S.K.: 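Have a look at this one before I ask anything.
Please read these numbers as outputs of a predicted model, since none were measured by experiment.
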Amino acid sequence: MANTNAPNGFTPAYHATGGTIRPDELAIESAYDTAIYSGDVVTLASGYVTQGTATSAPCGVFYGVYYTSSTGAPTFSRSWTADTATQGSVAAQAYVYTDPDILYEAQFTTTPTQASVGATYTISTTAGDTTTLRSQEGVTTTTSSGIARCVGFVKRPNNSIGQYARAYFRFPSNQFE
């Protein structure tokens, strides 16, 4: 069975030491100008959560955000809409999986082999899905400047090693290590 080409970001799969998987609260600057979707890799800049890049050391994976809108409505969303202004320009609360021992499931956008296990990859920074509010990031090229290390392939009947395979990844250069 061929794997489906449907990257949907990074989903916490398990904790390397058996710990609890839960997001931490970090700040997103009011009116931050880039959209962030659940499952997107994020980084910190001046203490605020920002959209990650293909090669920048991540602080973790975005889960969702809570803020008070400029109209005073309390709002929780699985995505941050670019340029969202909060009431009084107060920073929004981003929920981010930051624990460096969390392993994530993600999809290759290329064709991996068994030799891919242990290699480090860059990620695609494709815009998220505005309907599902879910990331569409995937894992791309193996390189020394990569940020996601493959630790094994997902073992499910609908996944096989080859084009668009799903695998488990960790971030060896997490900003919190």
Side-chain angles (χ1 to χ4, degrees), residues 6-16 19-107 109 120-141 143-149 168-177:
N8 64 345
F10 291 79
T11 303
Y14 63 96
H15 195 280
T20 302
I21 297 175
R22 71 181 72 147
D24 292 320
E25 290 182 17
L26 300 172
I28 295 180
E29 194 168 19
S30 177
Y32 173 62
D33 64 356
T34 304
I36 307 173
Y37 293 87
S38 184
D40 276 355
V41 172
V42 292
T43 189
L44 288 176
S46 300
Y48 291 102
V49 170
T50 61
Q51 176 67 27
T53 68
T55 59
S56 61
C59 71
V61 172
F62 186 79
Y63 170 73
V65 62
Y66 176 82
Y67 60 93
T68 303
S69 74
S70 59
T71 64
T75 304
F76 175 82
S77 179
R78 298 291 303 269
S79 71
W80 171 260
T81 303
D83 302 315
T84 298
T86 60
Q87 187 173 49
S89 297
V90 174
Q93 294 174 316
Y95 296 97
V96 178
Y97 297 105
T98 61
D99 187 334
D101 287 329
I102 295 174
L103 283 86
Y104 300 90
E105 180 179 324
Q107 182 180 48
T109 59
T120 305
Y121 294 84
T122 58
I123 63 169
S124 64
T125 52
T126 306
D129 185 315
T130 58
T131 302
T132 65
L133 306 181
R134 185 71 190 162
S135 174
Q136 293 183 323
E137 292 181 345
V139 178
T140 59
T141 309
T143 176
S144 61
S145 62
I147 63 168
R149 178 165 296 137
Y168 297 117
F169 297 88
R170 71 182 319 160
F171 302 117
S173 296
N174 183 305
Q175 287 181 300
F176 288 112
E177 280 194 304

S.K.: Give me the one residue out of Y168, F62, F171 that meets ring pair (Phe, Tyr, Trp, His ring centres under 6.0 Å) with Y104.
M.R.: F171

S.K.: Could you state the interatomic distance from CZ (R170) to CD1 (I147), rounded to the nearest 0.5 Å?
M.R.: 14.0 Å

S.K.: Taking atom CD1 of I102 and atom OH of Y97, what is their separation to the nearest 0.5 Å?
M.R.: 7.5 Å

S.K.: With a 4.5 Å cut-off on side-chain heavy atoms, are V42 and V61 touching?
M.R.: no

S.K.: Using distance alone, with no hydrogens and no angle criterion, decide if T140 and T122 have a side-chain donor and acceptor under 3.5 Å apart.
M.R.: yes

S.K.: I'd like to know if the side chain of S69 reaches the main chain of A73, judged simply by a donor and an acceptor atom lying under 3.5 Å from each other, with no hydrogens or angles considered.
M.R.: yes

S.K.: Hey, does Y37 have a side-chain heavy atom less than 4.5 Å from the side chain of R134?
M.R.: no

S.K.: Sub-3.5 Å donor-acceptor pair from the side chain of E137 to the main-chain atoms of I123, do we have one?
M.R.: no

S.K.: Are any non-hydrogen side-chain atoms of V96 and D24 less than 4.5 angstrom apart?
M.R.: no

S.K.: Residues two or more places apart in sequence or in another chain: which of them pass ring pair (Phe, Tyr, Trp, His ring centres under 6.0 Å) with Y95?
M.R.: none

S.K.: Between D99 and R22 (salt bridge meaning N to carboxylate O under 4.0 Å), is one present in this structure?
M.R.: no

S.K.: What are the two closest non-hydrogen atoms of I21 and A13, and how far apart are they?
M.R.: CD1-C, 4.4 Å

S.K.: Determine, stepwise, if the pair F10 / V41 fulfils side-chain contact (heavy atoms from CB on, under 4.5 Å).
M.R.: CA-CA 7 Å; F10 291 79; V41 172; 3.6 Å; yes

S.K.: What closest approach, in Å, do S173 and A57 show between heavy atoms, and which atom pair accounts for it?
M.R.: O-CB, 3.0 Å

S.K.: Distance from E29 atom CD to S89 atom OG, nearest 0.5 Å?
M.R.: 9.0 Å

S.K.: Where does the angle between the aromatic ring planes of Y121 and F169 fall among parallel (under 30°), tilted (30 to 60°) and perpendicular (over 60°)?
M.R.: perpendicular

S.K.: Does any donor atom in the side chain of S145 or T55 lie under 3.5 Å from an acceptor atom in the other side chain?
M.R.: no

S.K.: Between atom CD of Q107 and atom OG of S124, what is the distance when rounded to the nearest 0.5 Å?
M.R.: 9.5 Å

S.K.: Among D40, T125, D129, which one satisfies side chain to side chain donor-acceptor pair (under 3.5 Å) with S135?
M.R.: D40

S.K.: Once side-chain hydrogen bond (donor to acceptor under 3.5 Å, both in side chains) is applied, what residue pairs with a partner in residues 75-85 remain, sequence neighbours excluded?
M.R.: S38-R78

S.K.: What I'd like to find out is whether the side chain of P172 reaches to under 4.5 Å of the side chain of R149, using heavy atoms alone.
M.R.: yes

S.K.: Please report the shortest heavy-atom distance between P7 and G138, naming the atom on each side.
M.R.: CB-CA, 4.1 Å

S.K.: In Å, rounded to the nearest 0.5 Å, how long is the span from OG1 of T11 to CG of N8?
M.R.: 5.0 Å

S.K.: Y48 versus L26: any side-chain heavy-atom pair under 4.5 Å?
M.R.: no

S.K.: Nearest 0.5 Å, please: how far is CD in Q51 from OG1 in T43?
M.R.: 10.0 Å

